[in-house]
Trainee: 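Structure incoming, see below.
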Amino acid sequence: MHSSSPPSSPPASLNELMSRANALSGLSLGDLADAANIVTPQNFRTQKGWTGQLIELWLGASAGSKPEQDFPELGVELKTLPLSYTNLPLETTYVCYAPLTHNTGVTWQNSNVRNKLQKVLWLPVQGEREIPPAQRLIGSPILWQPSIEEETLLRTDWEELMDMISLGQVERIDATVGSVLQLRPKAANGSALTEAIGEDGQAIQTRPRGFYLRKNFTQGILQSAF
DNA sequence: AGCTGATCATAC
DNA sequence: GTATGATCAGCT
């Protein structure tokens, strides 16, 4: 049960964002969907981003698909995190689209990955597939900033991946590359293609890729929060 | 086509 | 059981 309505404006401060997030903790996805007059799907097979969009709505994030943080004024990125019964992440976490061309001048410091991960508000949600989406409960929010050690791990992986992309080795990158950050396909389907750099420096067409955080890394974030 | 929100489903 | 590679929906 939940009787209020989604906010009509973005949070004006970090405190307001956190108090909105804390107010969701303990509620079910069905509660929030009902109160917003949204139909909860029976499963996420055809609506994989549904939970994230529902939480965005309730926190007052600006809708849309811009390559920027969810709360630009606060410098905060929002991520829902599906958890198992033992509170382990069930899925990797998408970070951002990977640039495969025109990467001269791109450094870790000005990268989209670093920008997105500078400050993240994690919203844990029960994610076991046997739990109907409507019954899945929201957990306590975690506001996270990478530690020096975490940022070093991320930067090292990012630099290795970007080096390979820039040197024409994108087709040799698979999801095993990177200790905490990995590169995987990111597209509507297998026929989507984008430009990349080939082995001999020529333009090639390849599947679009995205950066993802490994489960072990997000698990560490959860652990250090408790 | 690019990019957001992600989970699915098969190979291992 | 789990990670990789593939896929779904919506907006620009």
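Sequence lines set the chain letters: A, B, ... in the order given, protein chains first and strands last, and positions in each chain run from 1. Any value given below was found using the heavy atoms of this structure, including those in side chains, with hydrogens, waters and symmetry copies removed.
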Trainee: Go through the steps to decide whether A:I221 and A:V120 satisfy the test side chain to side chain contact (heavy atoms under 4.5 Å, CB included), and finish with yes or no.
Mentor: CA-CA 11 Å; A:I221 293 172; A:V120 178; over 6 Å; no
Trainee: What pairs with A:R20 under side chain to side chain donor-acceptor pair (under 3.5 Å), at least two apart in sequence or on another chain?
Mentor: A:E16
Trainee: Quick test: give all pairs of protein nitrogen or oxygen and nucleotides 6-9 of chain C nitrogen or oxygen below 3.5 Å, distance rounded to 0.1 Å.
Mentor:
{"unit_1": "C:dA6", "atom_1": "OP2", "unit_2": "A:R207", "atom_2": "NE", "d": "2.9"}
{"unit_1": "C:dA6", "atom_1": "OP2", "unit_2": "A:R207", "atom_2": "NH2", "d": "2.6"}
{"unit_1": "C:dT7", "atom_1": "OP2", "unit_2": "A:G190", "atom_2": "N", "d": "2.8"}
{"unit_1": "C:dT7", "atom_1": "O2", "unit_2": "A:K48", "atom_2": "NZ", "d": "2.8"}

Trainee: Base, sugar-phosphate, or nothing: which does A:T51 touch, judged by heavy atoms less than 4.0 Å apart?
Mentor: nothing
Trainee: Does a donor on one side chain and an acceptor on the other come within less than 3.5 Å for A:R184 and A:T92?
Mentor: yes
Trainee: What is the distance from CG of A:D70 to P of B:dA6, rounded to the nearest Å?
Mentor: 8 Å
Trainee: Decide yes or no for A:T46 and A:P41: does some side-chain heavy atom of the first lie under 4.5 Å from some side-chain heavy atom of the second?
Mentor: no
Trainee: Indicate whether any N or O donor in one side chain lies under 3.5 Å from an N or O acceptor in the other, for A:S13 and A:N15.
Mentor: no
Trainee: Could you work out the complete set of other residues in the hydrophobic cluster of A:I148, with links drawn between I, L, V, M, F, W and Y side chains under 4.5 Å apart?
Mentor: none
Trainee: Heavy atoms from C-beta onward define the side chain here; which of B:dG5, B:dT7, B:dT4 lies closest to that of A:Y97?
Mentor: B:dT4
Trainee: I'd like to check the side chain to side chain donor-acceptor pair (under 3.5 Å) partners of A:Q223; sequence neighbours left out, ordered by chain and number.
Mentor: none
Trainee: Going by side-chain heavy atoms closer than 4.5 Å, which hydrophobic residues are tied to A:I131, directly or by a chain of links?
Mentor: A:Y85
Trainee: Base, sugar-phosphate, or nothing: which does A:P208 touch, judged by heavy atoms less than 4.0 Å apart?
Mentor: nothing
Trainee: Let me know the distance between CD of A:E77 and P of B:dC3, rounded to the nearest Å.
Mentor: 15 Å
Trainee: For A:E68, does the CD atom sit with more than 12 other heavy atoms under 6.0 Å from it, leaving out its own atoms?
Mentor: yes
Trainee: In whole angstrom, give the distance that lies between atom CG of A:L83 and atom C1' of B:dT7.
Mentor: 14 Å
Trainee: Sequence neighbours excluded, which residues qualify as ring-ring contact (aromatic ring centres under 6.0 Å, His included) partners of A:F71?
Mentor: none
Trainee: What residues in residues 84-94 of chain A put a non-hydrogen atom under 4.0 Å from any atom of DNA chain B?
Mentor: A:E91, A:T92, A:Y94
Trainee: Taking side chain to side chain donor-acceptor pair (under 3.5 Å) as the test, write out the residues that go with A:Q53, two or more places apart.
Mentor: none
Trainee: Whole angstrom is fine here: how far is it from CZ in A:R209 over to C1' in B:dA6?
Mentor: 19 Å
Trainee: To the nearest Å, give me how far apart CG (A:L193) and P (B:dA1) are.
Mentor: 7 Å
Trainee: Should we count CD of A:Q42 as having more than 12 external heavy atoms under 6.0 Å?
Mentor: no
Trainee: Rounded to whole angstrom units, what separation is found between the CD atom of A:Q42 and the C1' atom of B:dC8?
Mentor: 17 Å
Trainee: What nitrogen or oxygen pairs link the protein and nucleotides 1-3 of chain C at under 3.5 Å?
Mentor:
{"unit_1": "C:dA3", "atom_1": "OP2", "unit_2": "A:K215", "atom_2": "NZ", "d": "2.9"}

Trainee: Under the rule for salt bridge (charged side-chain N to carboxylate O under 4.0 Å, His left out), what residues qualify as partners of A:E151, not counting sequence neighbours?
Mentor: A:R114
Trainee: Could you check A:R136 against A:C96 and say which one's nearest nucleotide on DNA chain B is further toward the 5' end?
Mentor: A:C96
Trainee: Using a heavy-atom distance cut-off of less than 4.0 Å, which residues of residues 110-120 of chain A contact DNA chain C?
Mentor: none
Trainee: Which whole-number value in Å describes the distance from A:E130 CD to B:dC8 P?
Mentor: 13 Å
Trainee: Once side chain to side chain donor-acceptor pair (under 3.5 Å) is applied, do any residues pair with A:N112, and if so which ones, sequence neighbours excluded?
Mentor: none
Trainee: Whole Å only: how far is the CH2 atom of A:W50 from the P atom of B:dA6?
Mentor: 13 Å
